[in-house]
Amino acid sequence: MPAHTNSTWGGRFSAGPAEAVAAYTDSQHYDRALWEQDIRASKAHARMLGRQGVLTADEAARIIEGLDAVGEEIRAGTFTWQPALEDVHMNIEARLTELIGDAGKKLHTGRSRNDQVALTFRLFVADALEGWRKGLVALCEALVRRAAEHRQDILPGYTHLQPAQPVSLAQHLLAYAWMFRRDAGRLGDTLKRVRVSPLGAAALAGTTYPLDPQAVADEVGFAGILANSMDAVSDRDFVLEALFDAATIMMHLSRLCEEIVLWANPAFGFVRLPDAFSTGSSIMPQKKNPDVAELMRGKTGRVYGALMGLLTVMKGLPLAYNRDMQEDKEGFLDANATVSASLSIMAAMLGELVFRTERMREACTAGFLNATELADYLVAQGVPFREAHHVTGQAVAAAERENKGLEDLTLPELQALSPRIGDDVYRVLQCAAAVERRETPGGTGPRSVGRQLEALRRWLETVSIQADT
Ligand code: ARG
């Protein structure tokens with residue numbers, strides 16, 4: 001062991017502190033994921049510099065050609081990434097200069113890595129949000145399709161995870177479709193704030209070159225430019241907002257996963273998992289585990305983590321750019337991979353879930369799901385609701401004693417509790433009737449569900465058209 005190395009901790013520092021520091025600050029091994037957006041942003045910048053006379057037309061053209069060539073190398077996997085060059089931006093610029101010579105060194109005129117990384121990341125986040133939006137649309141399509149198949153099928157609806165009132169399976173599935181539709185809307189709102197260009201801010205104070213930042217914004221498809229250069233290079237609220245959207249999508253997915261885990265449990269027995277989305281146990285041959293749903297529920301944690309992580313990174317930073325902000329990327333990259341994969345896997349899994357509708361229907365006969373129906377029936381006969389509630393409670397107790405359902409009580413038994421009960425009560429006590437009669441807007445009744453399906457299909461048509469154009 002060399003005499004100068006610390007014997008307690010020096011073993012791993014054989015390379016010397018300089019190399020360890022370089023590895024510590026290096027980000028190219030992950031921010032290379034942003035190469036396509038960096039090249040797009042640089043091309044827009046170069047073109048603008050050419051138009052403004054900061055570069056000659058020939059220089060701008062050579063830079064743009066060179067950037068395309070670098071992009072081809074990266075795409076083809078022949079590009080050599082150099083850790084010593086720190087990040088994706090420096091790697092691309094260095095190779096550009098290698099390829100086209102001195103003109104390459106002029107690309108950075110009127111620009112700093114601070115506004116460059118902000119624009120590149122805004123482009124990347126915008127692309128990611130578009131991807132999630134497509135994933136949400138596909139998931140809603142799957143939910144609408146499955147809901148339309150099961151308009152007639154009923155299952156217990158729960159509150160406190162206790163049987164409450166019967167609902168249609170369509171209503172239950174559409175509840176999630178509406179959540180994911182709101183998530184898609186949230187992404188659209190976020191995109192308005194992501195698609196604003198920081199270029200022209202340079203390091204933090206603006207620049208002396210006669211730039212045309214709006215032209216760069218136009219070229220990359222952004223609506224406008226940020227109004228303050230210090231804000232432009234130093235805020236990451238666009239990432240935070242995107243991560244909040246991601247966290248909410250995962251939270252919704254995770255709840256749906258939890259339903260699938262519960263429903264696949266034999267005590268419920270409401271779904272059969274497709275083989276492709278479940279696994280067996282290495283020791284218990286009878287098991288079929290909902291691993292995919294569990295894992296998706298679990299992965300929600302790391303997306304929340306990315307949001308909390310970046311909020312914490314940002315909270316103490318003075319203006320303007322600080323290197324801390326390089327920590328904005330890994331969490332987002334991970335969240336992006338998690339959200340994208342989770343959305344498409346959930347859509348595929350939903351498409352193949354086998355709903356055991358006979359088990360669902362059977363489950364409606366236990367747990368006095370029709371108790372509210374009896375109370376409402378009494379109210380219709382002129383009994384005040386509180387009293388109706390009390391009488392119904394007595395009926396439930398009586399049925400429970402005899403280990404049967406409310407619908408199994410005889411008419412004399414019921415009339416002993418309230419003389420207003422007639423034999424038309426039995427029609428009301430059917431679970432299917434309970435579903436059919438709930439036609440308030442948004443209710444589980446068939447007409448209400450039909451209206452929801454129609455509204456969601458109309459929305460799906462408009463978003464598919466937007467996605468095509
Ligand atoms: N890789 C850096 C980041 O992600 C780029 C900006 C570095 N700027 C600087 N002045 N060191 O934030």
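Just follow the structure's listing: the first ligand is 1, and inside any ligand the first atom is 1. Because only heavy atoms are used, hydrogens play no part in the values below, and waters and symmetry mates are left out as well, while side chains stay in. Quantities reported herein were computed from a predicted structural model and do not represent experimental measurements.
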Practice prompt. Please check if atom CD in Q152 has more than 12 non-hydrogen atoms from other residues, nucleotides or ligands closer than 6.0 Å.
Written response: no
Worksheet item: Side chains of Y209 and Q52: is there a donor and an acceptor less than 3.5 Å apart?
Response: no
Worksheet item: Got a sec: does the NZ of K105 have more than 12 other heavy atoms crowding it under 6.0 Å?
Response: no
Worksheet item: When rounded to the nearest 0.5 angstrom, what is the spacing between CD1 in I74 and CD1 in I92?
Response: 4.0 Å
Polar pairs, ligand 1 vs protein, N/O only, below 3.5 Å.
{"residue": "ligand 1", "atom": "1 (N)", "partner": "D87", "partner atom": "OD2", "Å": "2.9"}
{"residue": "ligand 1", "atom": "1 (N)", "partner": "Q326", "partner atom": "OE1", "Å": "3.1"}
{"residue": "ligand 1", "atom": "4 (O)", "partner": "K329", "partner atom": "NZ", "Å": "2.5"}
{"residue": "ligand 1", "atom": "8 (N)", "partner": "N114", "partner atom": "OD1", "Å": "3.1"}
{"residue": "ligand 1", "atom": "10 (N)", "partner": "N114", "partner atom": "OD1", "Å": "3.3"}
{"residue": "ligand 1", "atom": "12 (O)", "partner": "Y321", "partner atom": "OH", "Å": "2.4"}

Discussion item. Would you say CZ of R51 has more than 12 non-hydrogen atoms from neighbouring residues, nucleotides or ligands within 6.0 angstrom?
Written reply: yes
Worksheet item: Does a side chain donor of either R255 or H252 reach within less than 3.5 Å of an acceptor in the other side chain?
Response: no
